[in-house]
Amino acid sequence: DTGVSQNPRHKITKRGQNVTFRCDPISEHNRLYWYRQTLGQGPEFLTYFQNEAQLEKSRLLSDRFSAERPKGSFSTLEIQRTEQGDSAMYLCASSLVLGVGIYSGNTIYFGEGSWLTVV
Amino acid sequence: KNEVEQSPQNLTAQEGEFITINCSYSVGISALHWLQQHPGGGIVSLFMLSSGKKKHGRLIATINIQEKHSSLHITASHPRDSAVYICAVRSGDDKIIFGKGTRLHILP
């Protein structure tokens with residue numbers, strides 16, 4: 001396994017266009033996270049999935065943002081009608097969660113991020 | 001107040017100096033990660049800690065669960081160590097909470 005893979009790594013788009021990012025997690029990982037990082041800040045939580053179920057969404061995730069994980073494997077993050085304020089790095093991470101309150105001992109694996117520039 | 005606080009926010013040091021970056025957190029955690037991010041680059045995981053101390057080359061990470069504090073040390077720092085170092089905790093409900101990062105600049 002080559003780790004968490006994100007595509008595309010860099011995207012420049014015009015304001016108003018739609019963009020989609022894809023994340024392929026570690027194959028056996030059941031949890032997948034999306035974060036957003038703007039310049040000078042640490043990554044901020046957007047949403048996460050347990051298998052195919054989207055368990056939580058941040059208030060940062062406006063109605064222009066949608067995330068899916070249809071088969072519990074890869075995930076997509078779509079941004080509709082992009083705005084300049086959407087320019088950021090979108091980070092995916094995955095982990096194996098055995099159950100509520102049960103620490104699997106497995107590390108969290110991070111993708112390299114997808115950089116979005118809206119012009 | 002952020003749940004994960006790092007200090008300092010920015011650090012400039014001369015090559016060869018011993019570097020310490022601190023991370024304090026206010027939530028219950030199952031693990032803590034130290035991450036490295038070069039400018040314009042992706043995030044690389046350096047350490048995962050749940051107790052004690054780990055060492056990898058010139059990097060040492062420690063954690064004190066009772067005090068909810070972790071430190072990342074770099075011995076014999078080098079300009080290639082210049083990067084943003086991020087502390088991230090895995091909370092009890094398996095969420096990841098990131099600090100804002102420490103921007104380290106090592107001068108040759």
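What you are looking at is a predicted structure, and each value in this text was computed from that prediction instead of being measured. In what follows, chains carry the letters A, B, and so on, assigned in the order in which the sequence lines appear, proteins first and then strands, with residues in each chain numbered from 1.
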Where do I86(B) and Q37(A) land on the side-chain contact (heavy atoms from CB on, under 4.5 Å) test, with the steps shown first? CA-CA 12 Å; I86(B) 301 172; Q37(A) 184 182 26; 4.0 Å; yes
What pairs of donor and acceptor atoms, side-chain ones from residues 7-18 of chain B against any protein atom, are under 3.5 angstrom apart with sequence neighbours left out?
| from | atom 1 | to | atom 2 | distance (Å) |
| --- | --- | --- | --- | --- |
| E17(B) | OE2 | Q14(B) | N | 3.0 |

Any residue of residues 45-56 of chain A which, by heavy atoms, sits under 4.5 Å from chain B: Y48(A), E56(A)
hydrophobic_cluster_shared for L77(A) and V19(A), side chain cutoff 4.5 Å: yes
Identify which part of E44(A) has an atom lying under 4.5 Å from any heavy atom of chain B, answering side chain, backbone, both or neither. neither
Once you round to the nearest 0.5 Å, how far does CD1 of I43(B) lie from SG of C92(A)? 11.5 Å
Answer yes or no: are there more than 12 heavy-atom neighbours, outside R64(A) itself, under 6.0 Å from its atom CZ? yes
Should F74(A) and Y90(A) be counted in the same cluster of Ile, Leu, Val, Met, Phe, Trp and Tyr side chains packed under 4.5 Å apart? no
Report the residues that fulfil ring-ring contact (aromatic ring centres under 6.0 Å, His included) with F98(B), sequence neighbours left out, ordered by chain and then residue number. Y35(A), F110(A)
Side-chain heavy atoms under 4.5 angstrom apart, residues restricted to Ile, Leu, Val, Met, Phe, Trp, Tyr: same cluster for L32(B) and I65(B)? yes
Considering all heavy atoms, the nearest R90(B)-I108(A) contact: CD-CD1, 3.7 Å
Most chain B-contacting option - heavy-atom pairs closer than 4.5 Å, from G113(A), G42(A), P43(A): P43(A)
With a cut-off of 6.0 Å (strictly less than), are more than 12 heavy atoms of other residues, nucleotides or ligands near NZ of K57(A)? no
Taking atom CE of M89(A) and atom CD of Q37(B), what is their separation to the nearest 0.5 Å? 4.5 Å
Check which hydrophobic residues are tied to V119(A) through side-chain heavy-atom contacts below 4.5 Å, counting indirect links as well, and list them. I12(A)
Cluster question for you: counting only ILVMFWY and a side-chain heavy-atom cut-off of under 4.5 Å, with indirect links fine, are L107(B) and I19(B) together? no
